[in-house]
Amino acid sequence: MFRKLKGFRDMYPEKMRARREVFERINSTARGFGFHEIDAPSVELLELFRVKSGDEIVKQTFSFVDKGGREITLIPELTPTVARMLASRKDLVKPVKWFSFPKMWRYEEPQSGRLREFYQFNADIFGIAGIEADAEVLALAMEILDSLGLEGKYVMRVSDRILMEELLKKFGVSRVEETFRVIDKKDKIPEDVFMENLQSAAGDAAEKIIDVLNVKGSVGDVISKIGESSRGEILIKLQDLLDGYGKKITLDLSIVRGLAYYSGIVFEAHDAKGEFRAILGGGRYDNVVQLFGGEHTPAVGFGMGDAVLELIMKREGVWPEERMEVDAFVAVVPGFRKEATQIAMNLRKEGFRVDIDLTGRSLGKQLKYANRINAKYAIIVGEEVRNGKVVVKDMETGEQRTVGIGKLKEIINEN
RNA sequence: GCCGGGAUAGGGUAGGGGCUAUCCUGGGGGACUGUGGAUCCCCUGACCCGGGUUCAAAUCCCGGUCCCGGCCCCA
């Protein structure tokens, strides 16, 4: 027996159906926000990922040399590809609003919520420097989670690199990058070690920084506690815009994320119980597109992997039932296969999901099968068909009746 | 890349140097070719892989693989 590769998943029909339902809801929410779906290659030149992320990231790719001697990799993220696509099309009408839900690969050790192959939903807006785009993207992220039944089960934590830099300068910190790096580690190391690191990076400002990091809450509350600033005004405007969408964020300046390239707000959605990794993350990255040869293009977006999402949806009991499903199963009585097939085909053309017996086994066995595939109705095609009638059995209740073939569509639609 | 815990039919499990490896469930067939979820019968099907210790290994030891979780990293 062959084994599965580490960190990869087999997807059987029951689970696939549930996942398809979730993915569809996510995609249709994005479409509802006026985003347009794109797709892209699953492999790119490895070099593409060095541009933005450097060698550390390249170590964690599934890469290989192709037959032409090129260094190729399965994509570990979508942003460089999207930037490349954007750079080679100067006729795009702005704002560009794109989403995609591709598979991605990262060569890492699997653990909770992390695999080597996964799907990641991505949505981005290009060409808008104003906070309106940040609001639209944040609102989409939250609406997606809400529409999946997670309303109130997660917290959208937002920070802002510009505000943080303003504050650090105000506190007299000179080594800003290093200080960010220390802050990023805050929750992963013991408190005393964190304090030590922070003092070595930020010196006397450490105490003030701690105060800022510990203030978490609504935008208004946090800004009033840390003091007025031009950037604070913009964040207040962000929440004001989000009020129009009916969404609330939490300002939490301890969120750092992707030190390398975010240039404005950054955000992460976490499950409210704090049990899992971030469900999604994103922010503004105005300086990235030009790295890939495009014009300087304002950009804001987020990515959301399917693994953590599934964990939290299951814990909250909102993950769809994992079971196969068809609308009807056509049971065939010996001698009536042709009529049965015609009935099945007519229903299939109406858009119903219809299975039909292929075995010629006993009616009892056929119904047992119908039961196993969760058919809503069994349609028994036998003698009655000579008079244009069939027996329809509701597999849930067991009720059955003899009806004209023309009535089938209506009956199946009832459910 | 590193660390901890696991691995017995398709799924869930019992056993823990020696007899035909336990039970539940599933799958196929039959009782029953015009009625499923019930019952009974038959069939199917497993000790992760490789090496070592031993008269004898599913069991003990070593290595690998995969699974679960943690570290690093998290784009």
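A note on names: the letters A, B, ... follow the listed sequences, proteins ahead of strands, and every chain is numbered from 1.
- Across all strands, A/Leu5 comes closer than 4.0 Å only to sugar-phosphate atoms, never to a base (heavy-atom distances).
- The side chain of A/Lys52 lies closest to B/A75 when the candidates are B/A75, B/C73, B/C67.
- Between A/Tyr285 and A/Tyr262, the angle of the ring planes goes over 60°, which puts this pair in the perpendicular group of the 30/60° scheme.
- Nucleotide B/C71 forms a Watson-Crick or G-U wobble pair with B/G1, both donor-acceptor distances falling under 3.5 Å.
- Side-chain atoms of A/Asp286 and A/His296 include no donor-acceptor pair closer than 3.5 Å.
- Here A/Lys237 pairs with A/Ile131, A/Glu132, A/Leu241 under the side-chain contact (heavy atoms from CB on, under 4.5 Å) rule; sequence neighbours left out.
- Note on ring orientation: taking the six-membered ring where Trp is involved, the planes of A/Phe121 and A/Phe302 are tilted (angle from 30° to 60°).
- Regarding contacts with the backbone of B/G69, a side-chain N or O of A/Ser112 is found under 4.0 angstrom from either OP1 or OP2.
- Here, B/C62 and B/U44 have their C1' atoms 36 Å apart, quoted to the whole Å.
- Using Watson-Crick or G-U wobble geometry with both donor-acceptor distances under 3.5 Å, B/C40 finds its partner in B/G30.
- For the side-chain contact (heavy atoms from CB on, under 4.5 Å) test, residues two or more places apart in sequence or in another chain that qualify with A/Leu363 are A/Ala331, A/Leu367, A/Ile380.
- For the OP1/OP2 pair of B/A75 and a distance below 4.0 Å, the side-chain nitrogens and oxygens of A/Arg257 include at least one atom meeting the criterion.
- Across the C1' atoms, B/G10 and B/G51 are found 30 Å apart, a figure rounded to whole Å.
- The partner of B/G45 cannot be assigned: no Watson-Crick or G-U wobble pair with both contacts below 3.5 Å exists in any strand.
- Among the atoms of the strands shown, base atoms are found under 4.0 Å from some heavy atom of A/Glu384.
- The distance from atom CG of A/Asn374 to atom C1' of B/G36 is 12 Å, rounded to the nearest whole Å.
- Here the two rings, on A/Tyr119 and A/Phe23, have centers that are under 6.0 Å apart.
- Taking a cutoff of 4.0 Å between a charged side-chain nitrogen and a carboxylate oxygen, A/Arg114 and A/Glu108 qualify as a salt bridge.
- Using a 4.0 Å heavy-atom distance criterion, A/Gly7 is classed as a sugar-phosphate-only contact.
- Between A/Lys409 and A/Glu350, at least one side-chain N (NZ, or NE/NH1/NH2) sits under 4.0 Å from a carboxylate O, which counts as a salt bridge.
- A donor-acceptor pair is defined here as one N or O able to donate and one able to accept, closer than 3.5 Å; such a pair exists between the side chain of A/Arg337 and the backbone of A/Asp357.
- A/Glu196 meets the side-chain contact (heavy atoms from CB on, under 4.5 Å) test with no other residue; sequence neighbours excluded.
- When heavy atoms are screened at a 4.0 angstrom cut-off, A/Gln366 is found touching no nucleic acid atom at all.
- Looking at residues two or more places apart in sequence or on another chain, you find a side-chain contact (heavy atoms from CB on, under 4.5 Å) between A/Leu148 and A/Val22, A/Arg25, A/Ile26, A/Ile144, A/Leu309, A/Met313.
- Heavy-atom distances to RNA chain B give each of A/Arg116 and A/Gly382 a nearest nucleotide, and the one nearer the 5′ end belongs to A/Gly382.
- Between A/Leu367 atom CG and B/G36 atom P there is a gap of 6 Å when expressed in whole angstrom units.
- What separates CD of A/Glu383 from C1' of B/U33 is a distance of 13 Å, to the nearest Å.
- Dashed line: the shortest gap from a side-chain N or O of A/Arg361 to OP1 or OP2 of B/C32 is not under 4.0 Å.
- Of the listed nucleotides (B/C2, B/A75, B/C73), B/C2 has the atom at the smallest distance from the side chain of A/Glu109.
- One atom, CZ of A/Arg50, and another, P of B/A75, lie 19 Å apart when rounded to the nearest Å.
- In the region residues 308-335 of chain A, proximity to RNA chain B at under 4.0 angstrom, judged on heavy atoms, holds for A/Val333, A/Pro334.
- Proximity of A/Gln111 to the phosphate of B/C71: a side-chain N or O atom is located under 4.0 Å from OP1 or OP2.
- When heavy atoms are screened at a 4.0 angstrom cut-off, A/Gly303 is found touching no nucleic acid atom at all.
- The partner of B/G10 is B/U25, judged by Watson-Crick or G-U wobble contacts that both fall below 3.5 Å.
- Ranked by how close their nearest RNA chain B nucleotide is to the 5' end, A/Glu108 and A/Leu115 are led by A/Leu115.
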Restricting to nitrogen or oxygen on both sides, can you table the protein-nucleotides 24-26 of chain B pairs closer than 3.5 Å?
residue : atom : partner  : partner atom : Å
B/G26   : O3'  : A/Arg372 : NH1          : 2.7

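- Distance CH2 (A/Trp105) to P (B/C73): 25 Å, rounded to an integer number of Å.
- Considering only the side chain of A/Pro76, B/A75 comes nearest among B/A75, B/C67, B/G34.
- The C1' atoms of B/G45 and B/G29 are separated by 15 Å, rounded to the nearest whole Å.
- Spacing between atom NZ of A/Lys368 and atom P of B/A31 amounts to 14 Å, rounded to whole angstrom units.
- A straight line from OH of A/Tyr107 to C1' of B/C72 spans 16 Å, rounded to a whole angstrom.
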